[in-house]
2 protein chains.
Amino acid sequence: MSKTEAIAKLVPVFRHYGYEGATVSRLSQATGLGKASLYHYFPKGKSEMAAAVLEYVERRFAQTVIAPLHSPGDPQHRLQSMCQSLSEFYNSGREACLLSILSHGEANTLFHQAIQTALTTWIEAIAQVLQEANCDRELAWERAEDAAIQIQGALILARVLDRTEPFQRIIAYLPRKLLASASSSV
Amino acid sequence: MSKTEAIAKLVPVFRHYGYEGATVSRLSQATGLGKASLYHYFPKGKSEMAAAVLEYVERRFAQTVIAPLHSPGDPQHRLQSMCQSLSEFYNSGREACLLSILSHGEANTLFHQAIQTALTTWIEAIAQVLQEANCDRELAWERAEDAAIQIQGALILARVLDRTEPFQRIIAYLPRKLLASASSSV
DNA sequence: GTCTATACACCGATAGAC
DNA sequence: GTCTATCGGTGTATAGAC
């Protein structure tokens, strides 16, 4: 088994159980590898596994969700493309955000900087698109933050309420909200 | 020490470390009680401590955040009052939401129903106020869910970005957004 | 590379003195 | 009620055969 394949199988364990809940036993079971084999791929142990998982997910997020924002085409289309990818990335709201899960407890002390950078990169890409759509710099940044806020909040609501509708509704309205004229945004 | 005092001291440990990260040793340290003393107050152990903490926090939330929604006065004033209390409750966005933290891993299987009920109660109270402000039933419910979404998302952003501004901005605009005429809400 | 077996610390939980 | 001491189990991590 390649290391990348192993990482892919580790992802859902960290996403579901969080850092402390993702025990090496569970990680071993999920990959089908013995504990010692896991330590062959990740000599520094669980923290290295989590770091690899985080990097893997961030890469995938950049390639599928952020990339469309940098593509050619008009801003509205790019934002819609991002939303489509977001919906797939989070399985219509059924799956939690790894970043938000790893922002607690010990994991937070380990990965705070990486998580902050990843989130900022996303927000910045959205803000860039909004500026191209004639938002002034400050408003664009605020609305980009709002986008991240609504996605994160919708994921929580969807999980707690056992309904994907809140997430899907947020996704559906997001491009319109972001591009609305300034006067109607309050 | 009274049981209630003990519970109050347990709260920040669960909120900061999550369920698995809140070890009995840490809980013991935080309260100043020995492990065995904790088990005197909570015979079923950690799960009972978490349940007590959850109930305590929900009670406080109901008394400070939800209560203003049921008070007399016009809807706008009631929503502003809720926002003021929300800001204090989460210390301007510096403190995480216990409900969202306990909605992962083993804690989620233990407390999912309680968490869902608590969140629904809050959303319902907001929706009720919006209906009194002449929102139709469905729109009121959607906007109430949006309020919860934005608060939860803002708490995540504030924590990850180490800035309280996103939370404070969401709080500041929330009453206006909720009461905006339907046509400008998309 | 993958395994079985194991080391050692810490987990949640309990016994029993005071 | 609170403590010290300790239990059995599981946690992370390693050793060493294959």
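Below, chains carry the letters A, B, ... as their sequence lines are ordered, and counting in each starts from 1.
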Using whole Å, report how far [atom1] of [X] lies from [atom2] of [N].
X: B:Y41; N: D:dC3; atom1: OH; atom2: P; value: 10 Å
X: B:E106; N: D:dT10; atom1: CD; atom2: P; value: 13 Å
X: A:Q29; N: C:dC3; atom1: CD; atom2: P; value: 13 Å
X: B:Y17; N: C:dC11; atom1: OH; atom2: P; value: 12 Å
X: B:H40; N: D:dG1; atom1: NE2; atom2: C1'; value: 5 Å
X: B:E5; N: D:dT2; atom1: CD; atom2: P; value: 10 Å
X: A:E20; N: D:dT12; atom1: CD; atom2: P; value: 10 Å
X: B:L38; N: D:dT2; atom1: CG; atom2: P; value: 10 Å

| query | Under the 3.5 angstrom rule, does the side chain of A:K46 hit a backbone N or O of A:Y19 as a donor-acceptor pair? | reply |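 Flag set: sc A:K46 to bb A:Y19 pair under 3.5 Å.
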Any donor-acceptor N/O pair, A:R26 side chain to A:G21 backbone, under 3.5 Å
yes
For this session: Please examine the side chains of A:D74 and A:H77, heavy atoms only from C-beta on, and report whether any two atoms are closer than 4.5 Å.
Result: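 Yes, close enough: below the 4.5 Å cut-off.
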Look at [X] together with [Y] and state whether they make a salt bridge at an N to O cut-off of under 4.0 Å.
X: A:E145; Y: B:R163; result: yes
X: A:R159; Y: A:E95; result: no
X: A:K177; Y: A:D146; result: no

Heavy-atom contacts, protein to nucleotides 13-18 of chain D, under 4.0 Å, summarised as B (base), S (sugar-phosphate only) or - (none) per nt, yield BBB---
task: Would you indicate what B:A6 reaches in the nucleic acid, counting non-hydrogen atoms under 4.0 angstrom: base, sugar-phosphate, or nothing?
output: nothing
According to a strict under-4.0 Å criterion, is B:S25 in side-chain N/O contact with OP1 or OP2 of C:dC11?
yes
Taking C:dG1, C:dC3, C:dC11 as options, the one with an atom nearest any side-chain atom of A:S37 is C:dC3
Interatomic distance, B:R59 atom CZ to B:I66 atom CD1 [nearest 0.5 angstrom]: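 Going from the CZ atom of B:R59 to the CD1 atom of B:I66 covers 12.5 Å.
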